[in-house]
Amino acid sequence: MSAVPGGYLTTGDFARLCGTTKHTLFHYDQMGIFSPAVKGENGYRYYTFPQMDVFYVISTLKELGMPLADIRAYLDRRSPEQLVALLERESVELEEKIRRLRQMRDLIRRKAELTRAAMAVEQEGMRVAECPQALLITTPCRPGENINLAFVAHMQYREARHIASPYPVGAIMSPEWAGRDSTEGYCAIYTQVDRRPRGVPVTVRPAGAYLTACHTGGYGTAYRTYRRMLSWAQERGMSLSGPFYEDALLDELSVDGHDNYVLQMSILIAPTGAHPE
């Protein structure tokens, strides 16, 4: 490092110490946010070591999202009191950002786990699977309503209540309509959550043995898989209980287009001796 006479630092040396670029320092100088301690007659800019603290605060505030114009306004009226107020306010905002980032990290990790599990699911034929209880946030899908509009309304409902979930959006199919060449049988759209959101109603999908099957080819042909499931259960004298749940194991994040989604249909198997609903 080559400090100039008098203990000053060249623009290049100061930039390297602060982990920035000369271009950034020139830009800050032009905006009146952060200027060199000395400007030589030859046009060279020189900085001091104490200025590193100021530059660090500017960089931190910028990284936290504060506009450069607001940073400049603070620096123009800086005082010990203003500094304390600024740092305390930014500390609160930073804690909130950390909370959101942790939530995003957890969602990303959970989504990866769910996708790996979906890839391992046997996509051919029928199977009976033991499923744990699940918590669902549901919104209604009215008879004759466009299924795409119902999905949009559900996402708006989630967003308004700040519900974040790694699970893909699912749909509930009325058993009376399952197997019909129509989408009118969808009675609700749902999102599974791992814990109950405060102040938001939750529908419980009960634990138990479920008849499940996978479907590809889009929502418009899902009735074909429902027909196969109903026939398979009837041939074996199996009683089914409650609605069908339709989950997108692989959705738009991992495949291109609805027709390539892997949908999993499931319905609770009624215990022996129980009457189907």
Side-chain angles (χ1 to χ4, degrees), residues 1-116 152 155-156 158-168 194-195 197-198 251-256:
M1 181 183 303
S2 57
V4 301
Y8 292 108
L9 300 171
T10 65
T11 302
D13 289 337
F14 189 83
R16 282 190 292 274
L17 281 172
C18 294
T20 188
T21 65
K22 292 194 291 185
H23 175 76
T24 298
L25 294 175
F26 294 155
H27 179 59
Y28 284 1
D29 187 17
Q30 290 172 349
M31 291 190 65
I33 296 175
F34 185 74
S35 299
V38 174
K39 291 183 181 179
E41 295 182 357
N42 55 5
Y44 289 170
R45 295 168 167 83
Y46 302 112
Y47 297 83
T48 62
F49 280 103
Q51 284 186 287
M52 292 179 62
D53 289 336
V54 178
F55 185 84
Y56 175 75
V57 171
I58 293 172
S59 298
T60 301
L61 295 176
K62 184 174 181 294
E63 189 171 345
L64 289 173
M66 179 179 284
L68 289 176
D70 292 350
I71 297 175
R72 180 175 59 188
Y74 160 72
L75 293 174
D76 289 343
R77 64 175 188 274
R78 75 185 84 173
S79 69
E81 294 79 12
Q82 290 283 352
L83 177 62
V84 170
L86 174 68
L87 295 180
E88 288 181 345
R89 182 173 67 251
E90 292 301 324
S91 177
V92 172
E93 293 186 8
L94 182 58
E95 287 296 331
E96 175 60 19
K97 178 176 284 190
I98 291 172
R99 184 193 67 78
R100 292 197 302 268
L101 289 173
R102 284 175 175 166
Q103 184 183 63
M104 291 170 58
R105 178 200 61 192
D106 293 342
L107 287 174
I108 288 172
R109 287 177 176 174
R110 186 73 176 111
K111 183 65 176 179
E113 291 174 0
L114 292 171
T115 303
R116 280 195 296 268
V152 171
M155 297 304 294
Q156 291 173 338
R158 277 181 41 176
E159 183 176 354
R161 290 155 183 79
H162 308 290
I163 296 170
S165 171
Y167 296 93
D194 288 327
R195 56 183 61 87
R198 183 177 301 176
D251 58 9
E252 201 73 34
L253 282 175
S254 52
V255 296
D256 185 13

- Message: Return the CG to CZ distance between Asp106 and Arg102, rounded to the nearest 0.5 Å.
- Response: 9.5 Å
- When every non-hydrogen atom of Pro166 is compared with those of Arg110, the smallest separation belongs to CG-CG, 3.2 Å
- Task: Measure the spacing between CD of Glu96 and CD1 of Ile98 and express it to the nearest 0.5 Å.
- Result: 10.0 Å
- Item | Lys/Arg-Asp/Glu bridge criterion (N-O < 4.0 Å) met for Glu113, Arg116 | no
- Does atom CE of Met104 have more than 12 heavy-atom neighbours from other groups under 6.0 Å away? no
- Test applied, side-chain contact (heavy atoms from CB on, under 4.5 Å); reference residue, Phe34; option that passes from Leu25, Leu75, Leu68: Leu25
- Message: For the backbone of Met155 and the side chain of Arg158, can you confirm whether one donor and one acceptor N or O come within less than 3.5 Å of each other?
- Response: no
- Query: Looking at side-chain heavy atoms only, is the closest gap between Phe14 and Met52 below 4.5 Å?
  - Reply: yes
- Note on the structure: Interatomic distance, OH@Tyr46 vs CD@Gln51, rounded to 0.5 Å, equals 14.0 Å
- Item | Crowding at NZ, Lys111 (>12 non-hydrogen neighbours, <6.0 Å) | yes
- Is Lys97 salt-bridged to Glu93, going by a charged N under 4.0 Å from an acidic O? no
- Return yes if a side-chain donor-acceptor contact under 3.5 Å exists between Asp13 and Tyr47, otherwise no. no
- Item | OH (Tyr56) with more than 12 external heavy atoms under 6.0 Å | no
- Minimum heavy-atom distance Ser79-Tyr74, with the two atoms named: O-OH, 4.3 Å
- Message: Quick check for you: to the nearest 0.5 Å, what is the distance between Leu87 atom CG and Leu94 atom CG?
- Response: 11.0 Å
- State, with a plain yes or no, whether a side-chain heavy atom of Val152 is found less than 4.5 Å away from one of Gln156. yes
- Note on the structure: Closest non-hydrogen atoms of Thr21 and Ala15, given as atom of the first, atom of the second and distance, are C-CB, 3.9 Å
- Kindly say whether Arg45 contributes a backbone atom to a donor-acceptor pair with the side chain of Thr11 at under 3.5 angstrom? yes
- Heavy-atom pair of closest approach, residues Arg77 and Ala73: NH1-O, 3.1 Å
- Message: Once you measure the plane-to-plane angle for His23 and His27, does it fall in the parallel (<30°), tilted (30-60°) or perpendicular (>60°) bin?
- Response: parallel
- Item | From OG1 (Thr60) to CD (Glu90), nearest 0.5 Å | 10.0 Å
- Item | Derivation of the side-chain contact (heavy atoms from CB on, under 4.5 Å) call for Leu86 and Met66 | CA-CA 11 Å; Leu86 174 68; Met66 179 179 284; 3.5 Å; yes
